[in-house]
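Written below as structure tokens is the structure these notes are about.
We number each residue from 1, following the sequence as shown.
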Amino acid sequence: MKIRAVAPLLCGAALLSSTGCQTVNRCCSSLFAARATTFADTTPIPEKPEKAAKPADDSTKEASFRRAETNGSDEAGANNRVPEPPAVNRRFNIPEELPGADAAPLVLPPMDPTQSIEQRKSLADALFPNVEPAKVEPGPDADSAPLTLSLMQQMAVDNSPVIRQAAADVEQARGKAVQAGLYPNPTFGYEGDTIGTARTAGYNGVFFTQEFVTADKLTLAQNVALNNVRAAQADLRKARVRLASDVRRNYFKVLIAQEQLKFNRAIAKLSEEVYRAQIDLVTGGESAPYEPLQLRVFAVQARNAVTTASNSLDATWRQLVAAVGMPHMTRQKVAGSVDLPVPVVEYETMVTMLQRHSDLIASNARIASSGSNLRLQEAIPIPNVTLYAAFQHDDTTPLSDYSTNVQVSAPVPAFNRNQGNITSAHAELVRARQNLTETNNTLMSNLAENYNRYATSRTISESYRTDLLPDQVRVYRGVYDRFLIDGESIDFAQVVVAQQTLTQVVTSYLQSLSDSWMATVDLAELLQVDDLMTMDGMAMTPEAISAGASAPNPKAVPAAIEGPSAEFEANSLSTTETRQVAVVSQDEEDAVDDHQSVESSDGTIEPSTPLRSRRPRARMIGEADGDAVQ
């Protein structure tokens with residue numbers, strides 16, 4: 001006969017014994033003896049000196065009242081009961097310092113065979129209170145249209161002060177480029193000489209002055225400024241990508257928080273159901289009184305987890321709308337699912353995609369700017385020519401003649417040949433070239449770290465989805481069903497462990513999803529892609545992966561400065577200005593290299609032969625030998 005069927009008979013036999021009703025402890029002792037349960041160690045230990053009695057608090061009084069009320073219900077047979085054995089000091093007593101150590105002991109009245117199931121259930125409900133549901137703030141309106149990721153990214157661009165600042169920096173650099181190429185203005189004026197000589201008006205007339213810039217200095221100065229425009233445009237794109245990445249991160253945080261709240265509600269519902277089922281077992285005499293309390297602890301913890309998830313969802317929503325630039329937006333639904341597989345991109349493809357990174361474009365632009373500046377500083381000692389001409393009327397004689405004066409001048413670079421600025425420009429160029437190498441190394445290091453997190457989290461989240469979660473659900477269901485059917489072959493502790501493990505697996509699964517999408521967003525920010533889900537067409541679909549297809553051609557990567565940046569540039573200058581402010585060509589940059597310098601082994605800067613014959617052209621990451629940087 002099953003032990004759970006024997007348990008009610010044992011309790012009934014205890015009630016009908018000649019010694020009267022036993023205490024709950026002895027009744028449960030009979031039950032656990034039948035289930036071959038081992039009691040805690042009751043080895044006597046030396047008694048401690050008695051402490052002063054503490055004043056009874058409300059909880060102690062209430063527990064005493066409940067015990068007195070229970071004992072008073074059978075006061076007529078109290079004289080026939082077997083006296084309680086003296087209290088024995090046991091090991092593993094709850095220390096008084098622990099919170100909750102003063103909780104009143106659980107008192108379960110003995111089973112009365114004459115009581116109905118409804119009466120026993122009513123008594124058990126009084127001993128085991130319900131778990132109140134968590135208070136969750138109301139969600140968004142069900143009729144509101146969900147917000148998509150692309151819509152929120154566009155809202156962020158429209159409202160971001162960072163984008164406006166970066167765009168203003170581009171306009172400022174472009175204005176400086178226009179100004180740097182403008183020719184000096186001529187000077188016109190009145191000139192009077194020897195006025196008052198021999199009581200005459202002297203010489204009176206007009207003059208004209210014009211400085212003629214030599215050695216193509218204006219073109220060189222404009223090339224310096226134009227490459228700064230290229231660097232500012234690269235910084236504008238980087239600001240756009242950073243803003244989009246902030247929106248993407250907070251977007252997936254909201255999706256993760258929504259899933260966390262949904263899963264925590266499911267765990268709380270399951271914990272509540274198991275708790276109520278265990279109370280029913282106690283009502284039928286098939287479970288020890290402490291077992292529902294252990295499950296109630298889990299149910300309350302699950303309720304607290306629901307509260308935490310709800311508050312976390314509110315916080316992530318506020319972070320999202322702040323990133324979008326609308327911090328006072330009311331709560332709305334967010335479209336999307338974190339269960340979707342992340343885009344799959346091969347590492348070699350990512351290395352090639354990294355060629356277009358705005359930091360590399362900015363570094364190359366600053367190298368070109370430094371080269372043009374060096375040529376400019378070397379050309380400055382070549383003097384500009386200043387023309388002066390005057391046309392005057394001679395009033396000193398009655399002949400009323402006209403005279404003309406012409407002057408042509410130029411400074412002689414005898415002492416100041418701009419040596420200091422040339423040396424400074426040499427150092428600036430060397431620093432710019434080294435900065436490109438440092439940028440390459442930093443980007444490759446970041447790619448290695450981000451790809452490691454991306455590949456690891458993607459594999460782990462997939463294993464949770466396909467293996468761990470289904471297996472643990474089957475384990476929990478099987479353990480609890482077996483506990484209900486055959487309590488002798490399985491211990492209640494295994495049910496507790498199975499429920500805890502299921503909760504931990506669900507929590508770990510959500511964390512793996514969060515890690516996977518955060519790593520994907522970080523990788524997309526590093527690669528500066530416009531479309532996260534397709535990685536600008538470089539991602540492989542699950543069908544292509546299953547079919548063993550090769551990765552897309554990396555050569556299809558678009559140019560780095562494009563889209564809104566290019567439109568911004570085209571609309572910022574007039575047609576005349578656009579012709580005047582033509583970006584320096586690669587051939588002009590090569591010509592700059594022919595007159596630059598190199599850094600010697602001891603770190604000093606010295607003039608050199610044409611650099612093209614002494615060093616290879618700077619290359620971006622993943623570029624084949626011989627390919628030039630445009």
Side-chain angles (χ1 to χ4, degrees), residues 166 169-170 173-174 176-177 180 219-242 350-377 425-447 526-529 554-555 557-563 565-566 568-569 581-599 610-630:
D169 291 340
V170 174
R174 185 176 289 110
K176 291 181 179 179
T219 301
L220 293 174
Q222 194 173 59
N223 287 344
V224 173
L226 284 171
N227 284 287
N228 290 336
V229 173
R230 293 171 59 193
Q233 288 174 336
D235 293 339
L236 173 60
R237 174 165 178 78
K238 185 176 182 179
R240 290 179 182 275
V241 172
R242 184 183 297 112
M350 294 181 183
V351 171
T352 306
M353 293 175 66
L354 207 58
Q355 293 179 11
R356 69 177 187 178
H357 197 280
S358 60
D359 287 350
L360 293 176
I361 297 175
S363 296
N364 280 281
R366 292 186 176 97
I367 289 177
S369 177
S370 299
S372 297
N373 182 55
L374 176 59
R375 286 193 59 190
L376 174 62
Q377 299 304 323
H426 278 300
E428 181 183 356
L429 178 61
V430 172
R431 180 179 180 83
R433 289 172 179 163
Q434 298 305 315
N435 182 67
L436 175 62
T437 303
E438 180 185 3
T439 302
N440 288 340
N441 296 338
T442 301
L443 290 176
M444 287 299 296
S445 176
N446 293 339
L447 178 61
L526 181 62
L527 300 178
Q528 296 188 331
V529 298
K555 298 299 182 181
V557 174
I561 299 180
E562 56 186 357
S565 302
F568 183 86
E569 179 181 2
V581 191
V583 179
V584 62
S585 65
Q586 187 64 48
D587 293 336
E588 290 173 335
E589 294 181 12
D590 293 342
V592 171
D593 287 344
D594 292 343
H595 300 278
Q596 293 171 355
S597 60
V598 294
E599 185 178 11
L611 294 177
R612 182 180 297 176
S613 62
R614 299 190 50 167
R615 65 172 179 85
R617 295 275 302 283
R619 297 197 309 273
M620 294 185 184
I621 297 175
E623 192 170 60
D625 292 338
D627 293 343
V629 176
Q630 299 297 330

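- Annotation for A177 and A225: closest pair CA-CB, 3.3 Å, computed over non-hydrogen atoms.
- Atoms CG and CG, on D359 and D235 in that order, are 7.5 Å from each other to the nearest 0.5 Å.
- The CG atom of L436 sits 9.5 Å away from atom CG of N441, with the distance rounded to the nearest 0.5 Å.
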Note to self: Walk me through whether M350 and L526 qualify under side-chain contact (heavy atoms from CB on, under 4.5 Å).
What the structure shows: CA-CA 10 Å; M350 294 181 183; L526 181 62; over 6 Å; no
Next item on the list: Check the pair V529 / R356 against side-chain contact (heavy atoms from CB on, under 4.5 Å), numbers first and verdict last.
Entry: CA-CA 10 Å; V529 298; R356 69 177 187 178; 3.6 Å; yes
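- Considering every non-hydrogen atom in both A221 and A180, the closest pair reads O-CB, 3.8 Å.
- Atom-to-atom distance recorded for R366:CZ and N435:CG is 7.5 Å, nearest 0.5 angstrom.
- For the atom pair CG of N227 and CG of N364, the computed distance is 10.0 Å after rounding to the nearest 0.5 Å.
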Next item on the list: Go through the steps for K176 and V229 under the test side-chain contact (heavy atoms from CB on, under 4.5 Å), then give the verdict.
Entry: CA-CA 9 Å; K176 291 181 179 179; V229 173; over 6 Å; no
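- When all heavy atoms are compared, the tightest approach of V351 to M444 is CG2-CE, 4.3 Å.
- Looking at every heavy atom in both residues, A231 comes nearest to A365 through N-CB, 3.9 Å.
- No side-chain donor-acceptor contact under 3.5 Å links R230 to the backbone of S369.
- Considering NZ of K238 and CG of L236, their distance stands at 12.5 Å, rounded to 0.5 Å.
- With values rounded to the nearest 0.5 angstrom, R242 atom CZ is found 9.0 Å from Q528 atom CD.
- Closest of all the heavy-atom pairs between N373 and A425 is ND2-CB, 3.8 Å.
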